[in-house]
Amino acid sequence: MSVTLYPAQLQLASGAILPLGSIYCIGRNYRAHATEMNADVPAEPLVFLKPSSAIVPSGGAVQLPAFSSLVHYEVELVVVMGREAVNVD
């Protein structure tokens with residue numbers, strides 16, 4: 001699926017435009033990656049937010065800052081829910 005990114009919006013290949021809201025992230029919940037980063041796995045997941053500008057559409061280029069000397073990559077799963085969901089399995 002190819003997408004085009006707009007400020008605070010995401011356009012799907014179908015043409016549908018979705019508003020981008022808060023992006024909630026869970027960190028240091030993967031033991032091997034935490035170990036690689038010389039960090040402990042916390043008892044409770046680390047929850048943090050990212051701005052909507054952090055999204056790179058499928059096939060888009062990730063811009064690495066020139067000052068970065070150590071960059072780790074990871075993949076995130078995005079779930080778009082079109083209506084209220086309760087007790088989702």
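Note that this is a predicted model, so its numbers are computed, not measured.
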Quick one: name the residues clustered hydrophobically with Y24, using the 4.5 Å side-chain heavy-atom rule over I, L, V, M, F, W, Y, and just say none if it's on its own.
L49
Residues two or more places apart in sequence or in another chain: which of them pass side chain to side chain contact (heavy atoms under 4.5 Å, CB included) with L64?
V62, V71
Residues joined to L70 in its hydrophobic cluster, side chain to side chain under 4.5 Å directly or through other members, sorted by chain and number, are none
Contacts of type side chain to side chain contact (heavy atoms under 4.5 Å, CB included), residue F67, not counting sequence neighbours:
P65
Using the side chain to side chain contact (heavy atoms under 4.5 Å, CB included) criterion, which residues pair with E36? Sequence neighbours excluded.
H33, H72
Using a 4.5 Å cut-off between side-chain heavy atoms of Ile, Leu, Val, Met, Phe, Trp and Tyr, which other residues end up in the same hydrophobic cluster as L46?
F48
Minimal heavy-atom distance between P45 and I26, with the atoms involved, is CB-CG2, 3.6 Å
Can you sort out the partners of A66 under side chain to side chain contact (heavy atoms under 4.5 Å, CB included), two or more places apart, ordered by chain and number?
none
